[in-house]
Amino acid sequence: MKSITLTQFLTEERRAGHGNTDLNQLLEVVARACKRIGVATGKGALGGVLGEAGSENIQGEAQKKMDVLSNEILLDANAWGGHLAACASEEMEDPQQIPDAYPKGGYLLLFDPLDGSSNIDVNVSVGTIFSVLKRPENSGDDAATSEFLQAGREQVAAGYVVYGPSTVLVLTIGHGSHVFTLDREVGSFILTQRDAKIPQETSEFAVNMSNQRHWEPPMQRYVGDLLAGEQGPRGRDFNMRWVASMVADVHRILTRGGIFSYPIDASIREQGGKLRLMYEANPMAFIVEQAGGAASTGRGRIMDIQPDALHQRVPVFLGSREEVETAERYHRETPH
Ligand code: AHG
């Protein structure tokens, strides 16, 4: 079988009228940076990259050495290409401008450099999530934070990379979600699934059950009915999976269906949720919708939220369309 590399795929998409040379080069640079992150993660203890960095990020979370290294790899890789005006990251309070030594471009890049990094020390899959926006017209020299605050539906591309048993890139530029697997010997991402579609029927859900006591009534009722199985109102048994790496949980759902949820609860009400809108929820929502699924806060489409802060958090329900709609129905129908 003839293999299609990421470069060839993006070139053919451009010829079909999807994307452009600048966007393609930007995506290739991001993919190349992710290969480097994958190599560093893969070395594990041998590379001296496990453990704490001894610092905290803007969200007050302890940074792992690999959080810091992955952030640096993405920033360095994206500085020189001429396609970006600035980058925003989970690990930095404010956007980082492209250095003056390099030309600036018309795109903005947002990323969670190492999602699920608390899993790295125990050798469980981690990943990178990214989102690409266009800079608003007539912007000044430096890209202001306000330029990043665009609704998710404005994204021009989004992707994630899972560093697991194999390294997998899932990418959308708004014409389907496509899966690439890294050929580690050759060093190229090879298209392994064009236009992936999330199965609509599902009997699998992903949630951190240890938060149950803090959930709102609609979530209590929704999960209660899932757990009631065949004898309950849903009339069938459901299985539960929780990797605690969003990339790994979402990739499972892309592959075999299911619903991923990180709802609002009393312990995180003040901060608005657990997952970050701009570089976790929005890019995942774009990929999932392009794969025929749905992504909601439980009360509305994630990609319709008008952001008001770079590190804003939101409740997240995403995956098989019918199941996400069912979770939304519980939120509409249950008083809280
Ligand atoms: P981070 O980017 O800080 O590593 O956060 C990980 C996220 C997400 O990947 C995962 O779904 C969730 O946090 C896990 O949360 P719990 O620790 O509550 O299970």
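Atoms within each ligand, like the ligands themselves, are counted from 1 in listed order. Since this is a predicted model, take the numbers as computed values, not measurements.
- Against a heavy-atom cut-off of under 4.0 Å, E280 is close to the following atoms of ligand 1: 2 (O).
- Here F260 has side-chain heavy atoms under 4.0 Å from ligand 1, and that is the only part of it that gets that close.
- Of the protein's non-hydrogen atoms, the one nearest atom 18 (O) of ligand 1 is Y262 OH, 2.5 Å.
- Note: F9 and F189 fail the aromatic proximity criterion, with ring centroids not under 6.0 Å apart.
- The option with the heavy atom closest to atom 16 (P) of ligand 1, from among V247, D67, N208, I129, is N208.
- Looking only at atom types and distance, the side chain of S245 has a donor-acceptor partner in the side chain of N119 under 3.5 Å away.
- Looking at M209, K64, E90, M246 and measuring to atom 11 (O) of ligand 1, the nearest heavy atom belongs to M246.
- Closest to atom 1 (P) of ligand 1, if we only count protein heavy atoms, is G116 N, 3.8 Å.
- In this structure, a donor-acceptor pair under 3.5 Å is present between the side chains of N211 and Y262.
- The residue among R276, K274, M284 with a heavy atom at the shortest distance from atom 13 (O) of ligand 1 is K274.
- Taking a 4.0 Å cut-off on heavy atoms, D115 registers as neighbouring ligand 1.
- Side chain to side chain, T202 and E323 fail the donor-acceptor criterion of an N or O pair below 3.5 Å.
- When each atom of ligand 1 is checked for a heavy atom of S245 under 4.0 Å away, the hits are 9 (O).
- When only non-hydrogen protein atoms are considered, atom 7 (C) of ligand 1 lies nearest to L275 CD2, 3.8 Å.
- For the residue pair E52 / Q63, no side-chain donor-acceptor distance below 3.5 Å is found, with atom types taken as modelled.
- Among the atoms of S117, some N or O lies under 3.5 angstrom from an N or O of ligand 1.
- With sequence neighbours excluded, the residues that form a ring pair (Phe, Tyr, Trp, His ring centres under 6.0 Å) with Y330 are Y222.
- A ring-centre distance under 6.0 Å is not found for F205 and W242.
- Classification of R321 and E325 as a salt-bridged pair holds, one side-chain N sitting under 4.0 Å from a carboxylate O.
- Among all protein heavy atoms, the one lying closest to atom 2 (O) of ligand 1 is D112 OD2, 3.2 Å.
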